K.L.:
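Encoded as structure tokens, here's the structure I'll be asking about.
The first residue in the sequence is number 1, and the count goes up from there. Bear in mind that the values here come from a model prediction, so they are computed numbers and not experimental data.
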Amino acid sequence: MEQQIQMSERFRVGALLAVAGGLLDAYTYLTRGRVFANAQTGNIVLLGVCLAERRWGDAVRYLVPVLAFVVGVLVAEWIKSRFKESSAVHWRQISVSMEVVVLLLVALLPHTMDALANISVSFVCAVQVESFRKVHGSAFATTMCTGNLRSGTEQLWLYLRSGQREHLSRLVHYGGINLCFIVGAALGAWLSGVMGSYAVGAACIPLLVTLLLMASERN
């Protein structure tokens, strides 16, 4: 039941993070030079294409966000190892707070620094996806959809075979997270057209709400 699940694994938190994730991916693609912040598979494919075509400068442009993502995962793990036993603050609150600070700084970067913006957002997305990996005990991703789509379809098959409601519940959760990601992407596209590079600041709103929810659980 929900009261037995810590706040960081509840659907409402996953939904908020998915909105932020979708918004960030749309933002970097539309505003910062058509580079994906979350979907590193896309960047890796484009990296391979650039290498094959000997476009070395473009290759570097796609390689750097991938490396930033790797660093973000390592930083998230360091935060976890350093603060997991802390009674003063949950280590995931530190991760989200860092996300907010970095994104606010990204909003101030001019377009001449798009590369740095993409590096920073990729780093943030890596911290988020590594820090929040479950919803109601099931593995989820809040910054990409492919894994959720696969897992949700698997739950649909299991429900059709067994009729067990727990599979239907998991299917709804996976579908809900992906829907929130789509909503975030649509919002990011709209805000990018209205606010330009400042649109990234909107991603801080669901992140701040997430912080408040986690803080309320500890009080």
Side-chain angles (χ1 to χ4, degrees), residues 8 13-44 61-83 89-111 113-133 140-148 177 180-181 183-185 187-189 191-192 195-214:
S8 61
V13 167
L16 288 166
L17 294 174
V19 169
L23 193 155
L24 291 174
D25 227 10
Y27 168 79
T28 56
Y29 186 79
L30 294 173
T31 307
R32 296 293 188 173
R34 297 191 179 278
V35 174
F36 293 105
N38 303 343
Q40 296 305 317
T41 300
N43 289 332
I44 291 172
R61 185 161 65 96
Y62 290 112
L63 173 62
V64 174
V66 174
L67 297 178
F69 193 92
V70 172
V71 173
V73 171
L74 295 175
V75 169
E77 285 298 317
W78 178 82
I79 293 173
K80 179 180 178 181
S81 65
R82 177 67 177 80
F83 296 98
V89 63
H90 195 290
W91 69 271
R92 289 188 177 91
Q93 290 176 286
I94 298 175
S95 294
V96 176
S97 298
M98 182 171 61
E99 286 187 64
V100 171
V101 171
V102 172
L103 293 178
L104 289 176
L105 292 175
V106 168
L108 302 177
L109 294 178
H111 285 293
M113 302 181 72
D114 280 351
L116 179 57
N118 289 325
I119 292 170
S120 301
V121 175
S122 292
F123 170 82
V124 161
C125 291
V127 170
Q128 178 172 308
V129 76
E130 187 67 11
S131 299
F132 297 86
R133 301 174 63 176
F140 275 77
T142 59
T143 63
M144 57 197 75
C145 294
T146 304
N148 296 340
I177 293 295
C180 288
F181 189 93
V183 169
L187 183 62
L191 289 173
S192 293
M195 302 172 61
S197 60
Y198 296 109
V200 69
C204 296
I205 297 175
L207 295 177
L208 289 171
V209 175
T210 297
L211 276 176
L212 291 173
L213 289 173
M214 288 192 291

K.L.:
Would you please name every residue forming a side chain to side chain contact (heavy atoms under 4.5 Å, CB included) with Ile44, sequence neighbours left out?
P.N.:
Val66
K.L.:
If I compare all heavy atoms of Met144 with all of Phe181, which pair ends up nearest, and what's the gap?
P.N.:
N-CE1, 3.8 Å
K.L.:
Donor-acceptor pairs under 3.5 Å, side chain of residues 197-214 to any protein atom, not counting sequence neighbours: which ones?
P.N.:
from, atom 1, to, atom 2, distance (Å)
Thr210, OG1, Pro206, O, 2.9

K.L.:
Please set out all donor-acceptor pairs under 3.5 angstrom arising from side-chain atoms of residues 71-80, sequence neighbours excluded.
P.N.:
none

K.L.:
Taking all atoms of both residues into account, what is the closest heavy-atom pair of Pro65 and Val35, and its distance?
P.N.:
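Reported closest heavy-atom pair: CG-CG1, 3.8 Å.
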K.L.:
Could you grab the distance from atom CD of Glu130 to atom CZ of Arg92, nearest 0.5 Å is fine?
P.N.:
10.0 Å
K.L.:
Using every non-hydrogen atom in the two residues, find where Gln40 and Ser122 come nearest and quote the distance to one decimal.
P.N.:
NE2-OG, 3.6 Å
K.L.:
With side chain to side chain contact (heavy atoms under 4.5 Å, CB included) as the criterion, how do Leu103 and Leu24 come out once you've worked through the C-alpha distance, each side chain's angles and the decisive distance to 0.1 Å?
P.N.:
CA-CA 9 Å; Leu103 293 178; Leu24 291 174; 3.8 Å; yes
K.L.:
Minimum heavy-atom separation for Ile177 and Ala15, please, with both atom names.
P.N.:
CD1-N, 3.6 Å
K.L.:
Supply the atom-to-atom distance Ile94 CD1 to Glu99 CD, rounded to the nearest 0.5 angstrom.
P.N.:
13.0 Å
K.L.:
Tell me, which pairs form a side-chain hydrogen bond (donor to acceptor under 3.5 Å, both in side chains) where one or both residues lie in residues 17-27, sequence neighbours left out?
P.N.:
Tyr27-Arg32
K.L.:
To the nearest 0.5 Å, what is the distance between CZ on Phe132 and OG on Ser95?
P.N.:
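If we round to the nearest 0.5 Å, Phe132:CZ and Ser95:OG are 6.5 Å apart.
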K.L.:
Go through Asn118 and Val64 one step at a time and tell me if the side chain to side chain contact (heavy atoms under 4.5 Å, CB included) criterion holds.
P.N.:
CA-CA 9 Å; Asn118 289 325; Val64 174; over 6 Å; no
K.L.:
Of all residues at least two apart in sequence or in a different chain, which pass the ring pair (Phe, Tyr, Trp, His ring centres under 6.0 Å) check with Phe36?
P.N.:
Tyr29
K.L.:
Between CD of Gln93 and CE of Met98, what distance do you get to the nearest 0.5 Å?
P.N.:
13.5 Å
K.L.:
Under the 3.5 angstrom rule, does the side chain of Ser192 hit a backbone N or O of Leu30 as a donor-acceptor pair?
P.N.:
no
K.L.:
For Phe140, give me all partners under ring pair (Phe, Tyr, Trp, His ring centres under 6.0 Å), at least two apart in sequence or on another chain.
P.N.:
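With sequence neighbours excluded, Phe140 shows a ring pair (Phe, Tyr, Trp, His ring centres under 6.0 Å) to Tyr174, given in chain and number order.
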K.L.:
Dump the intermediate steps for side chain to side chain contact (heavy atoms under 4.5 Å, CB included) on Phe69 and Asn38, then the final yes or no.
P.N.:
CA-CA 8 Å; Phe69 193 92; Asn38 303 343; 5.9 Å; no
